[in-house]
Amino acid sequence: MFKTLSAPVIAGLCALFASTFIAITTEVAPVGLLIDMAKSFNITEGHAGLAVSAYALLVAFGAVPITIATSRMDRKILMLLCLCGYVLSNLISAMAPNFAIVCAGRALGGLSHALMMSIAAAYAAHLVPERMTGRAISFVFGGTSLGSVLGVPGTAAISHFASWRVALYVISGLAAMLTIFIALYLPPVRGADTKALKVPTIRSPQAARIFGVVIGVNAVFFFAHNLLYTYVSPLLLAHGLPEHLLSVALLVTGGVSIFGLWGAGQVVDRWPAAGLFGGGLAMLTGMILVYGHLISAWPSVGAVGLWCMGYAAIIPFVMSGAIRARATSADVAGAAINSSSNFGILLGSAIGGHLLSTLGFAVLCPASIVIALGGILLAAFNPAAFPRRLQQD
């Protein structure tokens, strides 16, 4: 893809890639820090999961209105403001004297995330020709998988050898360095599309229906994933994995997910239906394998890796599908995807924490499986939203 692009565009895409890495690392860091945070504040693991919920709450309800309210602002300035928000969010959480302050810091990060992840996909679409939109989005959101590969297990490892507070300080420092890089190298994006955000009208009933299906499919898959993945650390411990190997296990599962994103990038602009079905099937299979005690220890890590690979593959299809529907502007489409994603994360982390605390994994795993199956069926019965084949220019 890079062979036909100019150097400024490549630098811009790389900067956006790094931004999504920081975003997802900040968002899901508590997944790797969950056990240590719970011990630090003397709370249950289900209660500690609210650190994820607090973040997702602000994104779920703030993404669309914040994106619209900032429609006239330069996209590059907005990216810089968002990254500064990540710096402060992680600093506040790292220095928090109690869990309530942790959640307050996380909420600030949620506000930054509400905007940044909404404009990242549209930013990528602005930088490349339309025929390369899906591949550009797939590359940019490769940062989310890298966040799973290095961010979550990396913070877990830092927490193991130092503390969870040091892990958050490290994320804050990385966000600060990226802010400087963005200021120097990210190309600005302005123009008619930015102004069009002022009144985000729906362009046709058919486009609105397709857009609604894509948003719904996205929310369902995020709900299914986060219902269980928020508590993947205690899940792996329950399958017999030693606690000191958790960071390595998370590194393995995140590494495997890169293959899902790479595979999606090969077909996202050609066969959306097949690609989405393949990702959903991998996700469903991995979840089924970790149900009960069919497998233990490292085989369970492999199963989680398969499920994460499928989940990572789904993201480019819903992102490109929302923009391709042309129901509204690209930025508002990205905001709606961002909002629905975090609505799924919010429900998943909150309901998952309640189910884990009251009924355990015996109920939590089957619930995730059923919801993931629902996402596959919803996509399969709506071919207009996820076509079998796209025409290539």
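Every heavy atom of this structure was used, including side-chain atoms; hydrogens, water molecules and symmetry mates were not.
Taking hydrophobic clusters as Ile, Leu, Val, Met, Phe, Trp and Tyr residues chained together by side-chain heavy-atom distances below 4.5 Å, Leu168 does not share a cluster with Val52. There is no path of hydrophobic side-chain contacts, each under 4.5 Å, that joins Ile24 to Trp262. Cluster membership for Val370 and Ile314, using ILVMFWY side-chain heavy atoms within less than 4.5 angstrom, is not shared. Cluster membership for Leu50 and Trp164, using ILVMFWY side-chain heavy atoms within less than 4.5 angstrom, is shared. Under a hydrophobic-cluster definition in which Ile, Leu, Val, Met, Phe, Trp and Tyr are linked whenever side-chain heavy atoms come within less than 4.5 Å, directly or via other members, Leu88 and Ile171 are assigned to different clusters.
With hydrogens and angles disregarded, no donor-acceptor distance shorter than 3.5 Å links the side chain of Thr253 to the backbone of Gly305. Thr230 places no side-chain N or O within donor-acceptor distance of the main-chain N or O of Leu227, the cut-off being under 3.5 Å. Under the 3.5 Å distance criterion, the side-chain polar atoms of Ser172 are matched with a main-chain donor or acceptor of Val87. For the pair Thr70 (side chain) and Ile66 (backbone), a donor-acceptor distance under 3.5 Å is present. Side chain of Asn98 to main chain of Ile101: a donor-acceptor pair is present (N/O by atom type, distance under 3.5 Å, no hydrogens or angles). Remark: side-chain polar atoms of Thr26 are paired, donor with acceptor, to backbone N or O of Ile22 under 3.5 angstrom. Counting only distance, with no hydrogens or angles, the side chain of Arg165 and the backbone of Ala96 share a donor-acceptor pair below 3.5 Å. In this structure, the side chain of Ser357 does not engage the main chain of His354 through any donor-acceptor pair within 3.5 Å. Remark: side-chain polar atoms of Arg389 are not paired, donor with acceptor, to backbone N or O of Pro272 under 3.5 angstrom. Side-chain atoms of Arg75 do not come within 3.5 Å of backbone N or O of Ala120 as any donor-acceptor pair.
In this structure Tyr311 satisfies the ring-ring contact (aromatic ring centres under 6.0 Å, His included) test together with Phe222, His225, sequence neighbours excluded. Take Ser93 and apply the side-chain hydrogen bond (donor to acceptor under 3.5 Å, both in side chains) test, not counting sequence neighbours, and it matches no residue.
Taking OG1 of Thr179 as the start and CG of Leu81 as the end, the distance is 10.0 Å to the nearest 0.5 Å. Taking CG of Leu378 as the start and CG of Leu373 as the end, the distance is 11.0 Å to the nearest 0.5 Å. Interatomic distance, CD of Glu243 versus CG of Asp36, reported as 7.0 Å (0.5 Å rounding). Distance CG/Leu377 to CG/Asn382: 11.0 Å, rounded to 0.5 Å. Between atom CG of residue Leu364 and atom CD1 of residue Ile351 there is a gap of 10.5 Å, rounded to the nearest 0.5 Å.
Minimum interatomic distance between Cys365 and Leu235 (heavy atoms only, all atoms of both residues): SG-CD1, 4.2 Å. For the pair Ala313 and Pro316, the tightest heavy-atom approach, listed with the atom from each and the gap, is O-CD, 3.3 Å. Contact record, Asn226 with Gly344: CB-O, 4.4 Å, taken as the closest heavy-atom pair. In terms of heavy atoms, Phe221 sits closest to Met283 at O-CE, 3.5 Å. Ala114 approaches Gly62 most closely through the heavy-atom pair CB-C, 4.0 Å.
Checked by atom type, the side-chain pair Asn218/Ser341 shows a donor-acceptor distance below 3.5 Å.
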*Report the C-alpha separation of Val301 and Leu245 in whole Å, then their side-chain angles, then the decisive distance to 0.1 Å, and conclude whether the side chain to side chain contact (heavy atoms under 4.5 Å, CB included) test is met.*
CA-CA 11 Å; Val301 174; Leu245 293 177; over 6 Å; no

*Candidate pair Tyr169 and Asn90, rule side chain to side chain contact (heavy atoms under 4.5 Å, CB included), full reasoning*: CA-CA 7 Å; Tyr169 282 128; Asn90 286 295; over 6 Å; no

*Start with the C-alpha gap between Leu236 and Val232, add the side-chain angles, then the distance that decides, and say whether side chain to side chain contact (heavy atoms under 4.5 Å, CB included) holds.*
CA-CA 6 Å; Leu236 291 174; Val232 69; 4.2 Å; yes

_Assess the residue pair Phe99 and His47 against the criterion (ring pair (Phe, Tyr, Trp, His ring centres under 6.0 Å)); give the C-alpha distance rounded to whole Å, side-chain angles, the decisive distance to 0.1 Å, and a yes or no._
CA-CA 10 Å; Phe99 188 65; His47 188 184; 5.2 Å; yes

*For Leu83 and Phe181, what are the C-alpha separation, side-chain angles and deciding distance, and is it a side chain to side chain contact (heavy atoms under 4.5 Å, CB included)?*
CA-CA 11 Å; Leu83 286 167; Phe181 181 86; over 6 Å; no

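The shortest distance between side-chain heavy atoms of His113 and Ser89 does not fall below 4.5 Å. The side-chain heavy atoms of Tyr55 and Ile345, taken from C-beta on, include no pair separated by under 4.5 Å. The shortest side-chain heavy-atom distance between Thr155 and Val170 does not fall under the 4.5 Å cut-off. Put simply, the side chain of Leu5 reaches to within 4.5 Å of the side chain of Pro129, judged on heavy atoms. Within the 4.5 Å cutoff, the side chain of Leu186 has heavy atoms near those of the Tyr123 side chain. Looking only at side-chain heavy atoms (C-beta outward), Phe61 and Asn342 stay at 4.5 Å or farther from each other. Between Phe277 and Phe386, the closest side-chain pair of non-hydrogen atoms is not below 4.5 Å. Considering only heavy atoms from C-beta on, Ile182 comes within 4.5 Å of Ser19 through its side chain.
Counting heavy-atom neighbours within 6.0 Å of Phe41 CZ, excluding the residue itself, gives a total above 12. Surrounding CZ of Phe343 are at most 12 heavy atoms belonging to other residues, nucleotides or ligands under 6.0 Å away.
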